[in-house]
Amino acid sequence: MSTADHADLVLTGGPVHIGDPARTRATGLAVTGERITAVGHDEVKELIGPRTEVVDLRGRMLIPGFQDAHVHAVYGGVELGQCDLTGTTGPEEYRSRIAEYARTHPGAAWITGGGWSLESFAGGLPTRQQLDEVVADRPVYLLNRDHHGAWANTRALELAGVTRDTPDPADGRIEREPDGTPSGVLQEGATALVARIVPPTGAAERLAGLLRAQRLLHSLGVTGWQDALLGVFNGQPDPSDAYLAAARDGSLTARVTGALWWDRGRGAEQIPELVQRRAELEQGRFRARSVKIMQDGIAENFTAAMTSPYLDGCGCATANSGLSFVDPAALCEHVVALDALGFQVHFHALGDRAVREALDAVEAARRANGHRGTRHHLAHLQVVHPADVPRFARLGAIANIQPLWAAHEPQMDELTIPFLGPERAARQYPFGDLLRSGATLAAGSDWPVSSPDPLAGIHVAVNRTLPGGDDERVFLPEQRLDLATALAAYTAGSAHVNGLDDAGSLRPGNLADLVVLDRDVFLAPQAVAEARVERTYVGGRLVHEAS
């Protein structure tokens, strides 16, 4: 055998999960350049030469690299450097962190950041006075965990000119005190009333945020993702420049697809701009071939679009069925036009009415243009009407699931289920139904809304309980996925969404995007979240090694 026949990298001595139903396991894998050149058993060792790097798995598991089909990496990375309220639900801990951040950043004109949980406050609504007690001399503006609302102190509201006379925007709501005075929480589009005067992050800060996020995601085994919002949104600057800069200088090691933001205040006149941006944002491992349309909000603040009204605290129907941010008829027209131009459409569709409206738009595109391989996908899918479940497979619409949310926790049990009612609550996150209907599943985290750890998401998809949680109740057990299916959603399924047909499984010829886990997770699916990522490779290059 000549030196040219030798592999650059061989991993051997442990279970290799191929991700191919016809051939599920091997014990060795070889890489030459960026691609997998052999998968098998002892015969793979024949490719070892004098310059081959050999990794002894020592019983550890090799799997395809994870892909996140819905994440906000730049926003998440920037927020890690701001006032970080994630990882706790304690109001006193929030108070302590805000005070500490203000103390250690005396020159900051604004206190910004976020990550607070709705469940931490009665009705999910903190007050401006609670912030004023900690910081009164400077404006404070903190996004909540789901990023569909924000908490502002009195100074921030004053600077933005938000008063009792300020009307609610069409796509949002100002929470108010009994006399109409803003209480400190802004929902959905109302966040822009303050966000528009918050000093924007600079290009250098956005790039630093991206690289910070990339390190974190690689440490969790994520080798590629779809950034679900490239554009100006509620006063937050466009993160596209960070991706372009990193792709140009080679510091972008992940494979990234960007979803260009659809401005819901405009119509078809923005399509030529999207075509131009798609051409401009094509560099190295970064491309922007998707368009993100946010069709509704979230259930906890009653803005997710439902087919029937929300209930009130007494269990009676209200007059509110949520918001459809884009007129459904116009949505169909826009998606037909985008599909004809070869764009993938990435829908935010959380309530059952929004899901139906998005599927109607995909159906209109299929009817007008045929099946063009555009791989439209619907993200979140909290409530799906049973009549719409089989439409995913029929239309080729991909179900982009965020599994970590499908569990009993206070936000679900206190702020969602009582206001949906028993029938709708039993339709939440119907992963099993979607799978059985023939739908293709992809998966993502929506970080920084929730943890970016794929193993935590897979754990919930399989067990329908939170990892390490005190609540052992299984959330709608009939909707559980088996481990192989959940793992495939986070690898092959998301790679398919991201247009990477040569990734997501460990086959010869595929990209060598690989993850080494510290154990064989198939031996204990009930404890999959306890596994840890020890190595991550992108294109055969080591991008993370656990210390």
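Heavy atoms only: backbone and side chains are in, while hydrogens, waters and symmetry mates are out.
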Exercise. Can we say Arg391 and Asp360 salt-bridge, meaning some charged N sits less than 4.0 Å from an Asp/Glu carboxylate O?
Worked result: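 A salt bridge is present here (some side-chain N lies under 4.0 Å from a carboxylate O).
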Exercise. Less than 4.0 Å between a side-chain N and a carboxylate O, is that true for Glu273 and Arg266?
Worked result: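 A salt bridge is present here (some side-chain N lies under 4.0 Å from a carboxylate O).
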If only atom types and distance count, is the side chain of [X] paired as donor or acceptor with the main-chain N or O of [Y] below 3.5 Å?
X: Thr191; Y: Glu188; result: yes
X: Arg532; Y: Ala529; result: yes
X: Arg264; Y: Met294; result: no
X: Gln295; Y: Val326; result: yes
X: Arg535; Y: Leu542; result: no
X: Gln411; Y: Ser117; result: no
X: Glu79; Y: Gly76; result: no
X: Trp261; Y: Phe233; result: no
X: Ser494; Y: Ala443; result: yes
X: Arg248; Y: Ala245; result: no

For the residue pair [Y] / [X], report whether a side-chain donor-acceptor contact shorter than 3.5 Å exists.
X: Ser290; Y: Gln226; value: yes
X: Thr253; Y: His218; value: yes
X: Thr465; Y: Asn463; value: no

Got a second to check how far [X]'s [atom1] is from [Y]'s [atom2], nearest 0.5 Å?
X: Phe325; Y: Ile293; atom1: CZ; atom2: CD1; result: 13.0 Å
X: Met306; Y: Leu420; atom1: CE; atom2: CG; result: 5.0 Å
X: Leu252; Y: Leu210; atom1: CG; atom2: CG; result: 6.0 Å
X: Arg173; Y: Asp168; atom1: CZ; atom2: CG; result: 7.5 Å
X: Ile63; Y: Asp513; atom1: CD1; atom2: CG; result: 12.0 Å
X: Gln283; Y: Leu244; atom1: CD; atom2: CG; result: 6.0 Å

Problem set entry | Qualifying salt bridge (Lys or Arg N to Asp or Glu O under 4.0 Å) pairs, either residue in residues 344-354, two or more places apart | Asp352-Arg427, Arg353-Glu357
Problem set entry | Whether His380 and His348 hold their rings parallel, tilted or perpendicular, with breakpoints at 30° and 60° |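 The arrangement is perpendicular - the two ring planes meet at more than 60°.
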Contact check, side chains of [X] and [Y], non-hydrogen atoms, under 4.5 Å:
X: Arg366; Y: Thr374; answer: yes
X: Ser240; Y: Glu280; answer: no
X: Leu381; Y: Val355; answer: yes
X: Leu487; Y: Val528; answer: no
X: Phe475; Y: Gln428; answer: yes
X: Leu62; Y: Val516; answer: yes
X: Glu205; Y: Val78; answer: yes
X: Glu300; Y: Thr416; answer: yes

Exercise. Hey, mind stepping through Val345 and Trp262 against side-chain contact (heavy atoms from CB on, under 4.5 Å) and telling me if it holds?
Worked result: CA-CA 10 Å; Val345 180; Trp262 180 270; over 6 Å; no
Exercise. Stepwise, does the side-chain hydrogen bond (donor to acceptor under 3.5 Å, both in side chains) test hold for Asn301 with Gln187?
Worked result: CA-CA 7 Å; Asn301 68 7; Gln187 306 283 16; 3.2 Å; yes
Write down the atom of [X], the atom of [Y], and the distance for their closest heavy-atom approach.
X: Ala503; Y: Ala495; answer: O-CB, 3.7 Å
X: Val521; Y: Met61; answer: N-SD, 3.8 Å
X: Leu434; Y: Ala399; answer: CD1-CB, 4.0 Å
X: Gly65; Y: Val515; answer: CA-CG2, 3.7 Å
X: Ala393; Y: Ala439; answer: CB-N, 4.0 Å
X: Thr491; Y: Pro64; answer: CG2-O, 3.7 Å

For this session: Take atom CD of Glu423 as the centre, draw a 6.0 Å sphere, and report whether it contains more than 12 heavy atoms from other residues, nucleotides or ligands.
Result: no
Exercise. CZ of Arg25: more than 12 outside heavy atoms within 6.0 angstrom?
Worked result: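 Counting neighbours around CZ of Arg25, more than 12 heavy atoms of other residues, nucleotides or ligands fall under 6.0 Å, so yes.
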For this session: With sequence neighbours left out, write down each residue that passes side chain to side chain donor-acceptor pair (under 3.5 Å) with Asp502, or none if nothing qualifies.
Result: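 Asp502 satisfies side chain to side chain donor-acceptor pair (under 3.5 Å) with Arg35 only.
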Exercise. Which residues pass the side chain to side chain donor-acceptor pair (under 3.5 Å) test with Glu333, sequence neighbours left out?
Worked result: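 Not a single residue meets the side chain to side chain donor-acceptor pair (under 3.5 Å) criterion with Glu333.
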Exercise. Can you list the steps and then say if Leu323 with Asp296 is a side-chain contact (heavy atoms from CB on, under 4.5 Å)?
Worked result: CA-CA 6 Å; Leu323 299 174; Asp296 69 340; 5.8 Å; no
Problem set entry | Evaluation steps, side-chain contact (heavy atoms from CB on, under 4.5 Å), between Leu341 and Leu274 | CA-CA 10 Å; Leu341 291 167; Leu274 296 172; over 6 Å; no
Exercise. Please walk me through it: do Thr257 and Arg287 pass side-chain contact (heavy atoms from CB on, under 4.5 Å)?
Worked result: CA-CA 5 Å; Thr257 292; Arg287 55 193 181 178; 3.7 Å; yes
Exercise. Distance under 6.0 Å and angle within 45° of the ring axis: does Arg464 meet both against Tyr429?
Worked result: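 No; the conditions do not both hold, so Arg464 does not lie above the ring face of Tyr429.
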Exercise. Quick one: salt bridge (charged side-chain N to carboxylate O under 4.0 Å, His left out) partners of Asp433, sequence neighbours excluded?
Worked result: Arg436
Side-chain donor-acceptor contacts of residues 66-75 below 3.5 Å, not counting sequence neighbours, with atom names and distances?
from: Gln67; atom 1: OE1; to: Asn498; atom 2: ND2; distance (Å): 3.0
from: Asp68; atom 1: OD1; to: His70; atom 2: N; distance (Å): 2.9
from: Asp68; atom 1: OD1; to: Ser445; atom 2: N; distance (Å): 3.1
from: Asp68; atom 1: OD2; to: Ser445; atom 2: N; distance (Å): 3.3
from: Asp68; atom 1: OD2; to: Ser445; atom 2: OG; distance (Å): 2.6
from: His70; atom 1: ND1; to: His346; atom 2: NE2; distance (Å): 2.7
from: His70; atom 1: NE2; to: Asp446; atom 2: OD1; distance (Å): 3.0
from: His72; atom 1: NE2; to: Asp446; atom 2: OD1; distance (Å): 3.0

Problem set entry | Of all pairs that satisfy ring-ring contact (aromatic ring centres under 6.0 Å, His included), the ones with a partner from residues 265-309, not counting sequence neighbours |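 Checked against ring-ring contact (aromatic ring centres under 6.0 Å, His included) - neighbours excluded - the pairs reaching residues 265-309 are Tyr243-Phe286, Phe302-Tyr310, Phe302-Phe419.
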